[in-house]
Amino acid sequence: MNKIIENMLTRRSVRNYKKEQIPVEDLNTILLAGSYAPSGMGMQSWKFTAIQNADTMKKVNEAIRQTLLTIPVVAETHPYIVSLIKKAEDENSNFLYNAPTYIIVSNLKDNGNAMPDSALAIGNMMLAAHSFGIGSCWLNQLPGLTNMPLIRELMTDLGIPENHIIYGSVVIGYAAEEPAPAAPRKDVIHII
Ligand SMILES: Cc1cc2nc3c(=O)[nH]c(=O)nc-3n(C[C@H](O)[C@H](O)[C@H](O)COP(=O)(O)O)c2cc1C
């Protein structure tokens, strides 16, 4: 099988990471691959903020944890959100799977293509990482909380522009264990 297709078919989400940091050359190539994703009207209006500093990772994790704790649980709160809030009650909870590197993809609030553009960039990054034997997992907590005051403060500290919101984020690092095999593919293909 062609190596590119094989890379796509064998990537899996990794949720348990070794402490070992990935080489900065690999990080640069992963980010470069993200920057070559297609974007609506070629705008490239995204920004990729990559964090490898352990203290900054802790700060991000704590901002997510503290923000979750501000969310009131009401009858309509989705059970997944309730489970995240419960997890946040433990001050040792890690929302970044203890990965050594975290990439935040932000983009213009008012660009209608920002979501698909950002997702395509993250897809490229995940596949590039996998081609180096580096695992990854999309994380939705920070994007989901992007409009909360504490997260906006964090974004400013991280140098994310004021006219951006977070559309996606991805942790990367070496897998501490083999991820489970892919779920069987659903019957979604219809060729006319
Ligand atoms: C938009 C999006 C949001 C996701 N959010 C999370 C998340 O918050 N936490 C997580 O562990 N995985 C998250 N994932 C990973 C999916 O659960 C995973 O891709 C899916 O179960 C298929 O598994 P695979 O990536 O190994 O093929 C997300 C994936 C996508 C595309």
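Nothing fancy with the numbering, it's 1 onward along the sequence.
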Counting heavy atoms not belonging to [X], are there more than 12 under 6.0 Å from its [atom1]?
{"X": "K87", "atom1": "NZ", "answer": "yes"}
{"X": "E89", "atom1": "CD", "answer": "yes"}
{"X": "L9", "atom1": "CG", "answer": "yes"}

For [X] against [Y], the heavy-atom pair lying closest together:
{"X": "A33", "Y": "A128", "value": "CB-CB, 3.6 Å"}
{"X": "P116", "Y": "G112", "value": "CD-O, 4.3 Å"}
{"X": "W138", "Y": "G168", "value": "CZ2-CA, 3.8 Å"}
{"X": "D90", "Y": "R65", "value": "O-CD, 3.6 Å"}
{"X": "S118", "Y": "W46", "value": "N-CE3, 4.4 Å"}
{"X": "A99", "Y": "V171", "value": "CB-CB, 3.5 Å"}

For the residue pair [X] and [Y], establish whether any side-chain heavy-atom pair is separated by less than 4.5 Å.
{"X": "L142", "Y": "V60", "answer": "yes"}
{"X": "F95", "Y": "L68", "answer": "yes"}
{"X": "I104", "Y": "F48", "answer": "no"}

Working to the nearest 0.5 Å, report the span between [atom1] of [X] and [atom2] of [Y].
{"X": "N124", "Y": "M126", "atom1": "CG", "atom2": "CE", "value": "11.5 Å"}
{"X": "N28", "Y": "S35", "atom1": "CG", "atom2": "OG", "value": "10.5 Å"}
{"X": "C137", "Y": "R12", "atom1": "SG", "atom2": "CZ", "value": "11.5 Å"}
{"X": "I122", "Y": "L120", "atom1": "CD1", "atom2": "CG", "value": "10.0 Å"}
{"X": "S136", "Y": "I22", "atom1": "OG", "atom2": "CD1", "value": "10.5 Å"}
{"X": "R15", "Y": "L96", "atom1": "CZ", "atom2": "CG", "value": "13.5 Å"}

request  = Could you pull out all residues at least two apart from Y102 that satisfy side-chain hydrogen bond (donor to acceptor under 3.5 Å, both in side chains)?
outcome  = S169

Taking atom types as modelled, find out whether [X] and [Y] have a side-chain donor-acceptor pair closer than 3.5 angstrom.
{"X": "N113", "Y": "D117", "answer": "no"}
{"X": "H130", "Y": "T10", "answer": "yes"}
{"X": "S39", "Y": "Q44", "answer": "no"}

key: Pair listing, side chain to side chain donor-acceptor pair (under 3.5 Å) test, anchored in residues 171-190, at least two apart   = N16-E177

Kindly list each side-chain donor-acceptor pair under 3.5 angstrom involving residues 148-164, sequence neighbours excluded, with atom names and distances?
from : atom 1 : to   : atom 2 : distance (Å)
R152 : NE     : T156 : OG1    : 3.4
R152 : NH1    : P161 : O      : 3.3
R152 : NH1    : H164 : O      : 3.2
R152 : NH2    : T156 : OG1    : 3.2
R152 : NH2    : I160 : O      : 2.9
T156 : OG1    : R152 : O      : 3.0
T156 : OG1    : E162 : OE2    : 2.8
D157 : OD2    : K59  : NZ     : 3.3
H164 : ND1    : S106 : OG     : 2.8
H164 : ND1    : N107 : N      : 3.3
H164 : NE2    : S45  : O      : 3.4

message = Using side-chain contact (heavy atoms from CB on, under 4.5 Å), reason through L27 and I134 one step at a time and then give a plain yes or no.
response = CA-CA 10 Å; L27 175 62; I134 295 170; over 6 Å; no

message = Please evaluate residues I103 and I30 with respect to the criterion side-chain contact (heavy atoms from CB on, under 4.5 Å), reporting the C-alpha separation (whole Å), side-chain torsions for both, the decisive distance (0.1 Å), and the verdict.
response = CA-CA 10 Å; I103 303 169; I30 290 165; 4.3 Å; yes

Could you list the donor-acceptor pairs under 3.5 angstrom formed by side chains in residues 69-79, with sequence neighbours left out?
from : atom 1 : to  : atom 2 : distance (Å)
T70  : OG1    : T67 : O      : 2.6
T77  : OG1    : V74 : N      : 2.7
T77  : OG1    : V74 : O      : 2.9
H78  : ND1    : Y80 : N      : 2.9

key: Steps toward side-chain contact (heavy atoms from CB on, under 4.5 Å) verdict (I64, L84)   = CA-CA 10 Å; I64 294 173; L84 286 176; over 6 Å; no

key: Shared hydrophobic cluster, V105 / L31 (ILVMFWY, side-chain heavy atoms < 4.5 Å)   = yes

query = Does M125 belong to the same Ile/Leu/Val/Met/Phe/Trp/Tyr cluster as V24, with side-chain heavy atoms less than 4.5 Å apart forming each link?
reply = no

key: The single option from I4, D26, N7 passing side chain to side chain contact (heavy atoms under 4.5 Å, CB included) against S131   = N7

inquiry  = Pair I51, T101 - check side-chain contact (heavy atoms from CB on, under 4.5 Å), show working.
reply    = CA-CA 6 Å; I51 304 167; T101 298; over 6 Å; no

Partners passing ring-ring contact (aromatic ring centres under 6.0 Å, His included) against Y97 (at least two apart in sequence or in another chain) = none

Residues clustering with Y36 (ILVMFWY side chains joined when closer than 4.5 Å, directly or via others) = L32

